[in-house]
Asker: 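Handing you a structure now.
No hydrogens, no waters, no symmetry mates; every other heavy atom, side chains included, goes into these values. Below, chains carry the letters A, B, ... as their sequence lines are ordered, and counting in each starts from 1.
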Number of protein chains: 2
Amino acid sequence: MVNIDLTGCDPFVAKERYNGYLNKAITAQKVLEEETGAGNDFLGWQHLPSAIGKADTGALLDVVDRWAEREIDLVVVIGIGGSYLGAKAAIEALSHTFAAHIGGRGPKVVFAGENLSEDYTAELLDLVRMRNPACVVISKSGTTTEPAVAFRLVKAYLEQTYGKEEARHRIVAITDKARGALKSLSNQEGYSTFVIEDNIGGRFSVLTPVGLLPIALAGFDIEALVRGAQDAEKALAVRGTDNPALRYAAMRNLLYDQGKKIELFASFNPKLQYLGEWLKQLFGESEGKDGKGIFPASVIFTTDLHSMGQYIQEGERMLFETVITVEQAHREVTIPADPQDLDGLNYLAGKRVEHCNRMAQLGTKMAHIDGGVPNIDIRIGQLDEYNLGQLFYFFEKVCGISAYVLGVNPFNQPGVEAYKKNMFKLLEKPGY
Amino acid sequence: MVNIDLTGCDPFVAKERYNGYLNKAITAQKVLEEETGAGNDFLGWQHLPSAIGKADTGALLDVVDRWAEREIDLVVVIGIGGSYLGAKAAIEALSHTFAAHIGGRGPKVVFAGENLSEDYTAELLDLVRMRNPACVVISKSGTTTEPAVAFRLVKAYLEQTYGKEEARHRIVAITDKARGALKSLSNQEGYSTFVIEDNIGGRFSVLTPVGLLPIALAGFDIEALVRGAQDAEKALAVRGTDNPALRYAAMRNLLYDQGKKIELFASFNPKLQYLGEWLKQLFGESEGKDGKGIFPASVIFTTDLHSMGQYIQEGERMLFETVITVEQAHREVTIPADPQDLDGLNYLAGKRVEHCNRMAQLGTKMAHIDGGVPNIDIRIGQLDEYNLGQLFYFFEKVCGISAYVLGVNPFNQPGVEAYKKNMFKLLEKPGY
């Protein structure tokens with residue numbers, strides 16, 4: 001199971017205060033699990049993993065097979081926010097770092113409809129024209145501006161290039177089960193569809209087809225991912241102060257109330273850069289309301305020790321750090337000896353690179369604690385589908401508990417509408 | 001020239017207070033330009049652009065030509081912090097979004113030595129083995145752990161694969177002019193070298209060979225980049241309150257003193273994601289000391305309006321936003337009409353995607369100001385080498401002035417040593 005080590009907070013918090021927050025978290029857990037809190041019509045994610053069966057993953061894997069038969073080598077996944085970040089985070093975590101350069105088996109997955117940049121759109125279409133493409137379009141309503149614009153363009157290209165009948169086979173829609181523009185279009189055109197349930201919000205959707213289909217198309221084992229989430233669902237439903245989700249939720253709220261306004265999600269594994277982005281949405285959108293909430297930021301170390309490290313060590317003392325540790329590397333590279341040793345590295349000769357990374361992590365933890373930055377360490381064994389499934393569910397659960405401790409509704413996002421209303425007015429959308 | 005629009009701060013600041021900060025900024029500018037302030041042995045960047053001549057860029061372009069003759073198709077740039085982020089930011093800003101997928105003319109530039117991940121290192125070597133590679137190694141001392149480890153591995157590969165003589169032609173070092181391990185090795189092996197001047201710190205080095213060589217190797221016009229910086233150097237040396245660097249430095253310090261502790265660098269152009277990272281180092285490392293400094297964060301819109309947007313709109317009111325606007329897109333994509341209009345987008349038919357992006361930006365600005373987030377808008381005409389050169393110099397100048405207004409030495413980074421000391425102890429480095 002995901003492990004948590006809170007000893008890096010010991011110098012900063014009084015035991016009794018922490019126990020008080022633990023009690024708040026226990027209450028919050030009860031509210032969450034008994035579905036009596038604010039936003040309780042959006043709790044579908046809670047028992048989602050255990051509800052996923054072979055038939056569900058099988059239907060997704062059918063798409064993978066069908067597109068493999070068509071020799072699809074590019075899948076354009078169209079979505080924004082929660083319909084983008086989970087899949088992106090998982091695929092980046094599991095892929096070869098240089099996958100885009102290297103090519104290799106299976107289609108490449110790229111994302112669209114997650115911005116309104118004209119250059120991005122044009123360059124996406126450049127790539128689409130060079131490949132044998134298919135498209136997954138993800139939108140509950142089908143009318144969200146960014147994905148709707150991208151889908152109009154990709155759909156038009158597919159229909160013009162392959163004809164309407166073949167295009168139909170190259171489009172899969174993930175959308176509402178009954179209503180909305182994308183559902184209507186899918187019915188009419190005969191697209192394969194998967195359902196976004198009403199009771200699961202975007203940022204909690206990575207374990208639905210929204211996340212699972214793109215991850216499967218990228219060639220990863222979604223059954224292992226689901227198993228990880230199932231094990232986490234079980235383990236984190238336990239009541240009692242050993243529950244790592246409770247402990248983390250308690251600690252981050254206590255630190256926040258002590259003036260640590262920024263949570264810095266950190267990892268020493270560069271493949272977790274987009275997990276950082278997913279975490280920023282999960283926590284930022286769930287907690288950042290009513291004039292409160294921890295501000296989520298993310299860094300990759302040791303890279304960013306040489307950019308943000310100075311601030312973390314000696315800037316305003318309003319940070320705490322949550323490090324996601326991957327205990328084992330997949331590959332093995334040892335540092336070679338050099339007879340001359342001009343660079344003075346021979347003391348590391350024969351040592352694994354990951355050993356240095358580990359010591360850098362330990363050294364950083366000590367340095368940051370000395371500098372006044374509390375440290376929370378969240379550990380998984382290795383970076384694979386199973387552990388990633390655990391992590392996703394773990395953070396979702398922590399987020400639900402944590403936001404209830406903070407006293408906000410974790411499952412709405414009223415502030416996201418503000419820019420849209422203004423934009424529609426400026427674009428002269430009928431009715432605005 | 002880079003334009004700045006501060007009207008988005010009007011609702012938040014009193015005119016008289018702002019004028020007071022403008023006076024502080026004028027004083028700081030004088031201290032910076034007369035080189036009488038803290039850290040004044042690191043001001044080489046100030047008159048750097050005007051000192052770059054044809055011979056300097058010519059020597060860099062020679063490397064490009066020599067490696068083109070060798071049909072080099074992969075350049076591994078080894079460096080960390082300031083020896084990484086400037087080139088990375090520029091190359092991402094100027095490249096096709098899907099350059100890694102598409103291939104195309106010129107070598108691909110990838111980065112190494114900016115982390116200690118074993119999987120990253122192994123996968124980098126996978127890519128190196130598949131290509132016809134060369135290497136630029138950037139380190140003042142030659143002993144910084146991350147780049148030294150990566151360089152040992154890449155150098156060993158090149159020598160084993162091509163022999164020592166050929167490897168020598170495939171390695172260029174950017175290092176100290178006289179001292180250090182990398183300089184000694186370069187002399188001994190006969191590598192081509194370029195100099196990192198003593199009076200230019202890492203985060204101010206993008207306009208030295210540290211940034212320019214990788215940017216040139218990636219196929220971009222470094223002479224235009226330098227011209228942009230030269231024009232900025234001239235324009236921003238003007239005394240007087242029209243100087244945009246002064247106005248920006250004054251405003252961000254005022255906002256900070258009014259409790260806006262976080263500066264969110266934002267852009268509606270996804271190619272500026274790594275410019276955001278460069279800015280985080282520039283400002284975070286320059287200002288984050290003595291228990292103070294604005295915390296720098298970055299977002300790409302509209303993407304992150306669907307993740308961080310909720311927090312920005314309604315979370316803790318401790319943010320201000322600095323948006324980098326690119327006024328013109330390079331490409332043109334219009335939104336097609338659809339006879340059925342199920343998605344309700346026909347009101348946009350025939351409109352350019354960038355028009356929607358522009359209206360999203362305006363709508364966001366209004367929404368965020370309404371929500372209590374002051375907005376600073378920094379505008380360039382288009383995203384090209386010339387404008388990027390301006391931007392780099394502009395932000396460097398702002399940073400110097402700004403840190404002096406804050407009352408810290410902009411040019412040191414004492415806190416970066418803390419993790420290293422601990423790491424060396426843990427790695428049992430001799431002498432620690």
Side-chain angles (χ1 to χ4, degrees), chain A residues 80-81 96-98 100-101 114-116 118-123 127 143 148 156 181 184-185 270 281 284-285 288-289 293 297 302-303 306-311 313-315 329-331 333 336 342-345 353-354 356-357 359-360 363-364 366-367 413 415-416 418-419 422-423 426-427, chain B residues 80-81 96-98 100-101 114-123 127 143 148 156 181 185 270 281 284-285 288-289 293 297 302-303 306-311 313-315 329-331 333 336 342-345 353-354 356-357 359-360 363-364 366-367 413 415-416 418-419 422-423 426-427:
Chain A
I80 194 165
H96 193 289
T97 306
F98 299 96
H101 294 78
E114 90 288 22
N115 64 58
L116 285 169
E118 188 158 305
D119 287 343
Y120 184 97
T121 309
E123 291 172 352
L127 179 64
T143 58
S184 303
L185 184 71
Q281 180 188 19
E285 213 166 60
K289 49 195 71 159
T302 62
T303 309
H306 294 252
S307 61
M308 291 296 293
Q310 168 63 36
Y311 192 104
Q313 194 67 45
E314 301 186 338
H330 292 294
R331 304 280 296 271
V333 182
L342 283 174
D343 58 9
L345 277 194
V353 175
E354 201 61 23
C356 303
N357 206 20
M359 295 305 108
T364 301
M366 290 157 52
Q413 52 285 327
V416 179
Y419 97 90
N422 292 334
M423 175 177 74
L426 290 162
L427 287 170
Chain B
I80 194 166
H96 192 288
T97 306
F98 298 96
H101 294 78
E114 91 287 21
N115 65 59
L116 285 168
S117 159
E118 188 157 305
D119 287 343
Y120 184 96
T121 310
E123 291 171 352
L127 179 63
T143 57
L185 183 71
Q281 179 187 20
E285 213 167 58
K289 49 196 69 158
T302 62
T303 308
H306 295 252
S307 61
M308 291 297 292
Q310 169 63 35
Y311 192 104
Q313 194 68 45
E314 300 185 340
H330 292 296
R331 304 279 298 268
V333 182
L342 283 174
D343 57 10
L345 276 194
V353 175
E354 199 63 21
C356 303
N357 206 20
M359 296 305 107
T364 301
M366 289 158 51
Q413 53 285 328
V416 179
Y419 97 92
N422 292 332
M423 175 178 73
L426 291 162
L427 287 170

Asker: Using modelled atom types and a 3.5 Å cut-off, is there a donor and acceptor pairing between side-chain atoms of B:Gln313 and backbone atoms of A:Val416?
Answerer: no

Asker: Ignoring hydrogens and angles, tell me if any N or O in the side chain of B:Gln281 forms a donor-acceptor pair with the backbone of A:His306 under 3.5 Å.
Answerer: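 Yes; at least one donor-acceptor contact below 3.5 Å.
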
Asker: What are the two closest non-hydrogen atoms of B:Glu118 and A:Val333, and how far apart are they?
Answerer: OE2-N, 3.1 Å

Asker: OG1/A:Thr364 to CE/B:Met423 distance, rounded to the nearest 0.5 angstrom?
Answerer: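 Those atoms lie 7.5 Å apart.
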
Asker: Could you tell me which non-hydrogen atom of A:Leu342 sits nearest to which non-hydrogen atom of B:Ala181, and how far apart they are?
Answerer: O-CB, 3.1 Å

Asker: For B:Ala122 and A:Arg331, which heavy atoms make the closest approach, and how far apart are they?
Answerer: CB-CB, 3.5 Å

Asker: If you count heavy-atom pairs under 4.5 Å with chain A, which of B:Leu127, B:Leu185, B:Leu345 comes out on top?
Answerer: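 It is B:Leu345.
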
Asker: Just give me the residue among A:Ala156, A:Gly309, A:Ala418 that pairs up with chain B most often, heavy atom to heavy atom, under 4.5 Å.
Answerer: A:Ala418

Asker: Would you check if the side chain of A:Tyr120 reaches a backbone N or O of B:Thr97 as a donor-acceptor pair within less than 3.5 Å?
Answerer: no

Asker: Between A:Gln413 (side chain) and B:Gln310 (backbone), is there a donor-acceptor pair under 3.5 Å?
Answerer: no

Asker: Contact part of A:Met359 toward chain B, heavy-atom cut-off under 4.5 Å: side chain, backbone, both or neither?
Answerer: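 When you check distances to chain B, atoms from both the backbone and side chain of A:Met359 fall under 4.5 Å.
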
Asker: Side chain, backbone, both or neither: which part of B:Met308 has an atom under 4.5 Å from a heavy atom of chain A?
Answerer: side chain

Asker: Between A:Gly363 and B:Leu426, what is the shortest heavy-atom contact and its length?
Answerer: N-CD1, 3.5 Å

Asker: Using modelled atom types and a 3.5 Å cut-off, is there a donor and acceptor pairing between side-chain atoms of A:Glu114 and backbone atoms of B:Thr303?
Answerer: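 Judged by distance alone, no pair lies under 3.5 Å.
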
Asker: For A:Ala297, which atoms come within 4.5 Å of any heavy atom of chain B: side chain, backbone, both, or neither?
Answerer: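 A:Ala297 touches chain B through side-chain heavy atoms alone.
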
Asker: Among A:Ser184, A:Gly344, A:Ala148, which residue has the highest count of heavy-atom pairs closer than 4.5 Å to chain B?
Answerer: A:Ala148

Asker: Looking at A:His101, A:Glu354, A:Glu123, which has the largest count of heavy-atom pairs under 4.5 Å with chain B?
Answerer: A:Glu123

Asker: Between B:Val353 and A:Thr121, which heavy-atom pair has the shortest distance, and what is it?
Answerer: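 That closest heavy-atom pairing would be CG1-OG1, 3.9 Å.
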
Asker: Let's test your reading of the structure: which of B:Gly415, B:Pro336, B:Ala367 forms the most heavy-atom pairs below 4.5 Å with chain A?
Answerer: B:Gly415

Asker: Which heavy atom in B:Pro270 sits nearest to a heavy atom in A:Asn115, and how many Å separate them?
Answerer: CG-ND2, 3.7 Å

